[in-house]
Amino acid sequence: MTVPTISSESLRLLLDRGAAVTVLDVRPAAERAEWAIPGSVHVDAYAALQRGDPNALTDFRPTNGGPVVTVCAGGKMSRLAAERLRAWGLDAVSLEGGMRAWSLAWNSAEVPHSGGTAQVVQVRRTGKGCLSYIIGSQGDAAVIDASLAPRVYSDLATRHGWQIRSVLETHLHADHLSRARALARDTGAMLYLPSTDRVSFAHAPLRDGDVLRVGSTGLQVLHTPGHTAESACYLLDQRALFTGDTLFLGAVGRPDLEATPEEARRRARLLHRSLGRLLELPDDTLLLPGHTSEPVAFDGRPIVAQLREVRERTELLCAGEMAFVTAILERIPPTPPNYHRIVALNEAGTLPDADLTELEAGANRCAVA
Ligand SMILES: [Fe+2]
């Protein structure tokens, strides 16, 4: 039987429209625990499907009406699952390329009251947890931490009547391939990086205290070393702070990537100092982080919090320097897959021709809670 498939982009659009669809994840529980499609239902049927068990999916009932989209890691076992369901008369299709292809799925949310005359759109790579941003003001736009195809950002900008003039990075990323350079090239925008000697391609360096104009608003640069040496945060109109991987909504950035144990300790101390500086901002400053550790729902709700809330829920932020350094170094999570290669490519400013999702596989792991 030929099993119809659906592309990850088509499924993304269905979920974005709120269409009736049941997403059935047939992967083993351990794989699902790593990352999943928001709203999907799980039947741990992988092993049963593999051994040809005719009862592999007999417990499954579609929840939302509409078609059933079956999902596995790479799109093979999900075909088998869809075939079974079709034989029972259900309208089932298989997600082409599975979760690997889903890695590039995204949605967006407007961030209300983010400051002055600017409008901010949070662009969420739900398949991986990377958060990027478009800030628009008076027809001009800046993009921070582009992790998706340049087209995603240029289309969003066009829809808002903005022209992308500036493309910024908060730091050199280790968990995803930066699309900043490609986006700047495609749109003719200026590429800005926090001042660093790690890259040799052309860019404009940003230093502590610099202010980058976007329309009638300004982004102030705060150099916040720790997660990486060059890491910076950007303060919009004194009200919203793009924190990159320095501070998340309940965690802080890991200081150990590409570092010896001594260097990681030194960076942890720097991070403590940088966070201290951020904590001096007004309590109602809106924090806009570079990642989330959960798949992002298609709900249009931005992932943001006020500094006050983040301070309350992040125990590490209350610690003195010694306790902070000890705690953070004890809690370092497993390193992201392929991060050496990703860092090298980001330092070179190149995107390989090969399938990027293969290289970017796995959840982001830049945070320590
Ligand atoms: Fe990072």
Side-chain angles (χ1 to χ4, degrees), residues 35 103 106 122-133 143-148 167-181 183 191-199 203 206 221-234 241-260 263-264 266-268 270-272 274-275 278 287-294 296 303 310 314 316 328-329 331-349 351 356 359-369:
W35 213 255
S103 158
W106 62 276
Q122 185 176 57
V123 185
R124 301 93 71 85
R125 188 168 162 185
T126 173
K128 200 168 162 63
C130 305
L131 304 176
S132 48
Y133 298 90
V143 174
I144 298 180
D145 286 340
S147 63
L148 288 154
V167 173
L168 299 80
E169 294 278 77
T170 54
H171 65 293
L172 289 170
H173 299 279
D175 64 303
H176 69 263
L177 291 160
S178 169
R179 273 71 164 184
R181 198 170 172 221
L183 177 61
L191 174 65
Y192 295 93
L193 301 182
S195 179
T196 179
D197 56 9
R198 293 176 64 189
V199 303
H203 67 277
L206 291 171
V221 180
L222 280 80
H223 180 216
T224 49
H227 173 59
T228 63
E230 75 286 348
S231 282
C233 296
Y234 301 119
L241 184 72
F242 300 90
T243 56
D245 290 3
T246 295
L247 177 57
F248 302 102
L249 301 188
V252 303
R254 63 189 298 164
D256 64 304
L257 292 177
E258 304 282 302
T260 60
E263 172 66 7
R266 197 183 72 81
R267 276 207 225 147
L270 283 171
L271 180 62
H272 184 262
S274 295
L275 291 169
L278 299 186
L287 301 194
L288 301 125
H291 285 128
T292 175
S293 52
E294 303 275 321
V296 186
I303 297 168
V310 173
T314 315
L316 274 169
I328 196 172
L329 294 178
R331 296 180 200 177
I332 297 283
T335 50
N338 303 325
Y339 80 96
H340 281 306
R341 179 106 203 277
I342 291 176
V343 167
L345 286 162
N346 285 339
E347 285 178 349
L351 284 170
L356 304 187
L359 199 57
E360 293 181 316
N364 70 79
R365 292 192 192 127
C366 279
V368 184

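What you see is a predicted model; the values in this text were computed from it and never measured. Both counts, for ligands and for their atoms, begin at 1 and track the order of listing.
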Review point. Going by distance alone, is a donor N or O of one side chain under 3.5 Å from an acceptor N or O of the other, for T228 and R267?
Key: no
Point to revise | N, O or S atom of H171 closer to the Fe ion (ligand 1) than 2.8 Å | key: yes
Check your understanding: Pick from T243, D245, L316: which one makes a side chain to side chain contact (heavy atoms under 4.5 Å, CB included) with V252?
Key -> L316
Review point. Is K128 paired with E360 through a side-chain N to carboxylate O contact shorter than 4.0 Å?
Key: no
Point to revise | N, O or S of D245 under 2.8 Å from the Fe ion (ligand 1) | key: yes
Review point. Is the distance from the Fe ion (ligand 1) to some N, O or S atom of H227 under 2.8 Å?
Key: yes
Check your understanding: Any chance the side chains of S178 and N346 put a donor and an acceptor closer than 3.5 Å?
Key -> no
